2 protein chains.
Amino acid sequence: MTTAAEPGLRERKKAATRQSLHAAAMRLAIEHGPERVTVEAIADEAGVSRRTFSNYFGSKEEALLYGDYQRIHLLIEQVRARPAGEPTWVALTAAAEQFYLKLGDLDPQWVAQSRLVRAQPGLVGAQVQTFAALERDLSAEIAARTGADPASVRVKMTSAVFLASLRVALHIWLDKPPGTNLWELVSETLAEAGRGFA
Amino acid sequence: MTTAAEPGLRERKKAATRQSLHAAAMRLAIEHGPERVTVEAIADEAGVSRRTFSNYFGSKEEALLYGDYQRIHLLIEQVRARPAGEPTWVALTAAAEQFYLKLGDLDPQWVAQSRLVRAQPGLVGAQVQTFAALERDLSAEIAARTGADPASVRVKMTSAVFLASLRVALHIWLDKPPGTNLWELVSETLAEAGRGFA
DNA sequence: TTCTCAATGTGCAAAGTTGCGCAATGGGAA
DNA sequence: TTCCCATTGCGCAACTTTGCACATTGAGAA
């Protein structure tokens with residue numbers, strides 16, 4: 001048994017279906033506008049039933065934001081690659097930096113998605129929930145790094161504030177003219193949180 | 001024209017209907033359990049149509065959490081009463097303290113509601129959204145106090161982190177045995193955020 | 001290889017959400 | 001006071017979400 005075992009056919013199929021539904025949702029949203037996309041159309045596009053769509057995503061918004069979810073989740077996993085002795089906030093900031101710099105290089109259509117997200121008012125609510133849902137995972141990661149209790153005040157606050165920083169930076173970035181550097185804003189919000197508010 | 005003019009019959013009726021719907025939702029949720037409450041039952045209990053319910057609240061969860069919304073909104077307004085020269089974070093912490101201490105005195109059934117909230121998993125998502133929705137109002141209040149731009153990084157981060165502190169404290173509190181002092185936890189999360197994470 | 005079980009996909013029905021249009025009414029202008 | 005209209009309540013229809021029951025199919029045991 002290896003540490004990163006083959007996911008198995010079942011899991012791979014499941015992941016493929018989820019990805020397919022997400023891609024279909026994005027395609028249709030870009031083509032017809034996010035508000036004119038129905039669940040039925042997404043399901044048809046992905047070749048599954050409406051019911052199956054609901055088995056994977058609780059709403060259209062969730063399907064659209066699954067890309068964001070995956071990206072942030074990837075960032076959280078990158079935290080694991082940081083040196084063990086590194087202080088938590090430094091590790092988080094460094095992971096965010098390498099993540100957003102890499103993102104700045106090749107994002108042909110990601111900007112399009114993000115702008116599309118802002119256009120649809122209903123998505124901001126789902127956006128907030130997406131970030132909040134990741135707090136649990138990040139807390140687990142931080143707890144594993146530091147040996148602290150995942151339910152402790154310190155760990156939970158660090159997760160919440162780190163993700164809130166990313167979220168706020170993203171929102172401000174969306175209000176700025178295209179071409180604005182996202183990492184600069186993220187860096188600024190993280191620095192603000194790092195230095196405290198007292 | 002006075003600063004706090006009479007709201008007018010129309011507005012008062014509207015507020016009464018909203019309050020009535022919230023109360024009805026709470027009553028039924030406590031009686032039959034939060035998951036067995038239908039929108040129709042709430043509307044009937046409040047004496048309005050199902051459609052009207054949806055005019056006031058986007059979901060059952062929103063109706064249930066309207067009490068939380070009002071309370072936090074009240075806290076935000078209390079910030080206005082703090083001395084003008086007081087630094088933002090001090091004002092926020094002080095407002096929170098007087099708010100939660102006063103709350104600790106007489107909360108016969110509020111604890112019941114909060115525990116009820118935790119029981120229903122679907123409510124945590126709405127809870128997060130409720131807090132996020134208040135970020136705009138708090139940002140406006142802080143901007144008014146300090147003369148800063150409500151859309152600035154500093155103001156937005158202060159709002160987001162302050163409300164995240166309240167939210168995290170509340171979640172931890174809900175996992176603790178009954179009788180635990182809420183203000184102590186809030187105080188701890190606020191202190192953590194105040195001192196920063198760097 | 002074959003058998004068994006749990007996970008997955010689906011249809012159906014009940015409940016929830018939202019845009020549209022119409023009727024009633026409070027607030028303010030004339 | 002009388003009139004106008006923006007706000008509010010509501011019915012209706014389309015769409016979304018969710019619990020339930022059943023068929024199908026990987027994964028692992030025998």
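Since we're looking at a predicted model, the values are computed, not measured. Sequence lines set the chain letters: A, B, ... in the order given, protein chains first and strands last, and positions in each chain run from 1.
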At less than 3.5 Å, do the side-chain atoms of A:Arg51 and the base atoms of C:dG11 form a donor-acceptor pair? yes
Length of the NE2-C1' vector between A:His32 and D:dC15, whole Å: 17 Å
Please determine whether any donor N or O and acceptor N or O are separated by less than 3.5 Å between the side chain of A:Arg10 and the base of D:dT25. yes
Between atom CG in A:Asn55 and atom C1' in D:dT18, what is the gap in whole Å? 10 Å
Check the phosphate of D:dC10 against B:Thr52, side-chain N and O only, distance under 4.0 Å to OP1 or OP2. Yes or no? yes
Does B:Val153 reach the side chain of B:Met157, with side-chain heavy atoms less than 4.5 Å apart? yes
From CZ of A:Arg36 over to C1' of D:dT16, roughly how many Å is that when rounded to an integer? 19 Å
For B:Ser159 and B:Ser139, which I'm curious about, is there any donor-acceptor pair between the side chains at under 3.5 Å? yes
Given that A:Val39 and B:Ser49 both sit by DNA chain D, which one's nearest nucleotide is further toward the 5' end? B:Ser49
Atom-to-atom span, CD of A:Glu35 to C1' of C:dC20 - whole angstrom: 16 Å
Can you tell me if the side-chain N/O atoms of B:Lys13 get under 4.0 Å from OP1 or OP2 in D:dT8? no
Does a distance-only test, which skips hydrogens and angles, find a donor-acceptor pair under 3.5 Å between the side chain of A:Arg50 and the base of D:dT16? no
Hydrogens and angles aside, do B:Gln70 and B:Arg18 bring a side-chain donor and acceptor to less than 3.5 Å of each other? no
Quick one: label A:Thr38 by what it contacts on the DNA or RNA (base, sugar-phosphate, nothing), any heavy atom closer than 4.0 Å. sugar-phosphate
Think B:Lys14 has a side-chain N or O under 4.0 angstrom from the OP1 or OP2 of D:dT7? no
Nearest of C:dT17, C:dG9, D:dG9 to any side-chain atom of A:Thr17? C:dG9
In whole Å, I'd like the distance from the CD atom of B:Glu61 to the P atom of C:dT17. 7 Å
Would you indicate what A:Tyr56 reaches in the nucleic acid, counting non-hydrogen atoms under 4.0 angstrom: base, sugar-phosphate, or nothing? sugar-phosphate
What is the distance, to the nearest angstrom, from the CZ atom on B:Phe57 to the P atom on D:dG9? 12 Å
For the pair made of CD in A:Glu11 and C1' in C:dG9, what is the distance, rounded to whole Å? 16 Å
Taking side-chain hydrogen bond (donor to acceptor under 3.5 Å, both in side chains) as the criterion, tell me which of B:Arg136, B:Arg80, B:Gln78 meets it with B:Glu141. B:Arg80
Just the rounded figure in Å: distance from P of C:dT18 to NZ of B:Lys60. 13 Å
Establish, from distance only, whether the side-chain atoms of A:Thr52 and A:Ser49 form a donor-acceptor pair under 3.5 Å. yes
